Amino acid sequence: TSLPEHLKHLIFAWKRFIDDILLLFLGTCEELEEVFNILNDHHPTMKFDKPEFNEEENSTNFLDLKITIKEGKIETDLYRKETDKPTALLPSSAHPGHITPNIVYSMGFRLLRICSSQSSFDSRLKELKENFL
């Protein structure tokens with residue numbers, strides 16, 4: 001099954017990571033619902049989750065990203081599920097000594113890559129410090 005032309009041209013980007021798909025769609029919510037229904041009718045056992053979109057914030061979540069469009073620009077921030085618990089390797093574990101400090105460094109570097117604004121990076125870095133110090 002292929003999408004009708006009036007919907008196909010509204011797909012700006014389709015990116016897949018393992019079993020997660022990020023769809024950047026230029027149409028209306030009704031047109032997105034139509035695409036969603038066509039995709040779910042394509043295969044009897046493979047089904048897509050209902051698209052999640054926060055209309056208030058003009059945002060959606062994908063993996064560990066919160067993607068927002070503000071004033072025509074894409075902004076990204078860290079997304080964590082409500083059930084997320086900060087955990088890390090204990091320094092007393094049987095790992096080489098350099099591993100433990102590198103975990104926190106890597107988490108900070110990850111924030112630097114994810115957060116598109118300095119203010120969101122500063123906020124997430126502060127949360128990281130509170131969780132691990």
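Here the structure is a predicted model, which is why all the values come from computation and not from measurement.
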A.B. asks: Rounded to the nearest 0.5 Å, what separation is found between the CD1 atom of Ile69 and the CG atom of Leu24?
C.D. replies: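 The CD1 atom of Ile69 sits 7.5 Å away from the CG atom of Leu24.
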A.B. asks: Does anything in residues 101-113 form a side chain to side chain donor-acceptor pair (under 3.5 Å)? List the pairs, not counting sequence neighbours.
C.D. replies: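 Those involving residues 101-113 are Asp64-Arg110.
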A.B. asks: Restricting to non-hydrogen atoms, name the atom on Ile38 and the atom on Pro4 that form the minimum distance, rounded to 0.1 Å.
C.D. replies: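 Scanning both residues, the minimum pair turns out to be CD1-CD, 3.7 Å.
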A.B. asks: If you measure from CG on Leu32 to CG on Leu10, what distance do you get to the nearest 0.5 Å?
C.D. replies: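 These two atoms lie 10.0 Å from each other.
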A.B. asks: Sequence neighbours excluded, which residues qualify as side chain to side chain donor-acceptor pair (under 3.5 Å) partners of Thr68?
C.D. replies: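 With neighbours one apart ignored, the set is empty.
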A.B. asks: Mind checking what makes side chain to side chain donor-acceptor pair (under 3.5 Å) contact with Glu71, not counting sequence neighbours?
C.D. replies: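 Per chain and number, Glu71 pairs via side chain to side chain donor-acceptor pair (under 3.5 Å) with no residue.
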A.B. asks: How far apart are the closest heavy atoms of Phe25 and Leu7, and which atoms are they?
C.D. replies: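 Distance-wise, the nearest heavy atoms are CE1-O, 4.2 Å.
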A.B. asks: Can you get from Leu63 to Phe53 by hopping between Ile, Leu, Val, Met, Phe, Trp and Tyr side chains that sit under 4.5 Å apart?
C.D. replies: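 Looking at the clustering, Phe53 is in a separate group from Leu63.
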A.B. asks: According to side chain to side chain donor-acceptor pair (under 3.5 Å), who are the partners of Thr83, at least two apart in sequence or on a separate chain?
C.D. replies: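 For Thr83 there are no side chain to side chain donor-acceptor pair (under 3.5 Å) partners, ignoring immediate neighbours.
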A.B. asks: Please list, chain by chain and in numerical order, all residues satisfying salt bridge (charged side-chain N to carboxylate O under 4.0 Å, His left out) with Glu56, sequence neighbours excluded.
C.D. replies: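 Once residues adjacent in sequence are excluded, Glu56 has no partner under the salt bridge (charged side-chain N to carboxylate O under 4.0 Å, His left out) criterion.
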A.B. asks: Starting at NZ of Lys70, measure out to OG of Ser117 and round the result to the nearest 0.5 Å.
C.D. replies: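 Going from NZ on Lys70 over to OG on Ser117, the span is 7.5 Å.
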A.B. asks: With the side chain counted from C-beta on, respond yes when Asp77 and Phe121 share a heavy-atom pair under 4.5 Å apart, and no when they do not.
C.D. replies: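 Asp77 vs Phe121: side chains apart.
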A.B. asks: Using a 6.0 Å cut-off, check whether atom CD of Glu130 has over 12 heavy atoms from anything other than its own residue.
C.D. replies: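 Correct, the count exceeds 12.
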A.B. asks: Side-chain contact, heavy-atom cut-off 4.5 Å: Phe48 with Ile21?
C.D. replies: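 In contact.
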A.B. asks: Could you tell me if the side chain of Ile67 sits less than 4.5 Å from the side chain of Leu22, heavy atoms only?
C.D. replies: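 Answer yes - side chains close enough.
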A.B. asks: Picking from Ile114, Leu112, Leu111, what satisfies side chain to side chain contact (heavy atoms under 4.5 Å, CB included) with Arg124?
C.D. replies: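 Testing each of Ile114, Leu112, Leu111 against Arg124, the sole residue satisfying side chain to side chain contact (heavy atoms under 4.5 Å, CB included) is Leu111.
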A.B. asks: Provide the closest heavy-atom pair for Lys47 versus His43 in the form atom of the first, atom of the second, distance.
C.D. replies: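 That would be NZ-O, 3.1 Å.
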A.B. asks: For Phe12 and Leu23: C-alpha separation, side-chain torsions, deciding distance, then whether side chain to side chain contact (heavy atoms under 4.5 Å, CB included) applies.
C.D. replies: CA-CA 8 Å; Phe12 181 73; Leu23 173 68; over 6 Å; no
A.B. asks: Among residues two or more places apart or on two chains, list those pairs meeting salt bridge (charged side-chain N to carboxylate O under 4.0 Å, His left out) that have a residue in residues 12-31.
C.D. replies: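 Pairs touching residues 12-31 that pass the test: none.
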A.B. asks: Just how far is it from atom OG of Ser120 to atom CG of Leu125, taken to the nearest 0.5 Å?
C.D. replies: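 CG of Leu125 is found 11.0 Å from OG of Ser120.
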A.B. asks: Taking the side chain as every heavy atom from C-beta outward, state whether Leu128 and Asn131 have any pair of such atoms under 4.5 Å apart.
C.D. replies: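 No. Closest side-chain heavy atoms not under 4.5 Å.
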A.B. asks: Could you pull out all residues at least two apart from Lys129 that satisfy salt bridge (charged side-chain N to carboxylate O under 4.0 Å, His left out)?
C.D. replies: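 Salt bridge (charged side-chain N to carboxylate O under 4.0 Å, His left out) list for Lys129, sorted by chain: empty.
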A.B. asks: Around Phe109, counting heavy atoms of other residues, nucleotides and ligands shown, do more than 12 lie under 6.0 Å from its CZ?
C.D. replies: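 Count not over threshold, so no.
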A.B. asks: Mind checking what makes side-chain contact (heavy atoms from CB on, under 4.5 Å) contact with Asn61, not counting sequence neighbours?
C.D. replies: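 Checked Asn61 against side-chain contact (heavy atoms from CB on, under 4.5 Å); matches are Lys66, Tyr79.
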A.B. asks: Name all pairs fulfilling the salt bridge (charged side-chain N to carboxylate O under 4.0 Å, His left out) condition that reach into residues 78-95, sequence neighbours left out, sorted by first residue then second.
C.D. replies: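 Qualifying pairs, neighbours excluded: Arg80-Asp84, Arg80-Glu127.
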A.B. asks: Looking only at non-hydrogen atoms, find the nearest pair between Asp49 and Phe36 and report the distance.
C.D. replies: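 Scanning both residues, the minimum pair turns out to be O-CE1, 3.1 Å.
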A.B. asks: Holding to side chain to side chain donor-acceptor pair (under 3.5 Å), I want the full list of residues that pass it with Glu33, two or more places apart in sequence or in another chain.
C.D. replies: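 For Glu33 the side chain to side chain donor-acceptor pair (under 3.5 Å) partners, ignoring immediate neighbours, are Lys50.
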A.B. asks: Provide the full list of salt bridge (charged side-chain N to carboxylate O under 4.0 Å, His left out) pairs with a residue in residues 86-98, sequence neighbours left out, each pair given once.
C.D. replies: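 Sorted pair list comes back empty.
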A.B. asks: Counting only pairs under 3.5 Å, give me each side-chain donor-acceptor contact of residues 88-101, with atom names and distances, residues two or more places apart or in other chains.
C.D. replies:
| from | atom 1 | to | atom 2 | distance (Å) |
| --- | --- | --- | --- | --- |
| Ser93 | OG | Leu90 | O | 3.0 |
| Ser93 | OG | His95 | ND1 | 3.0 |

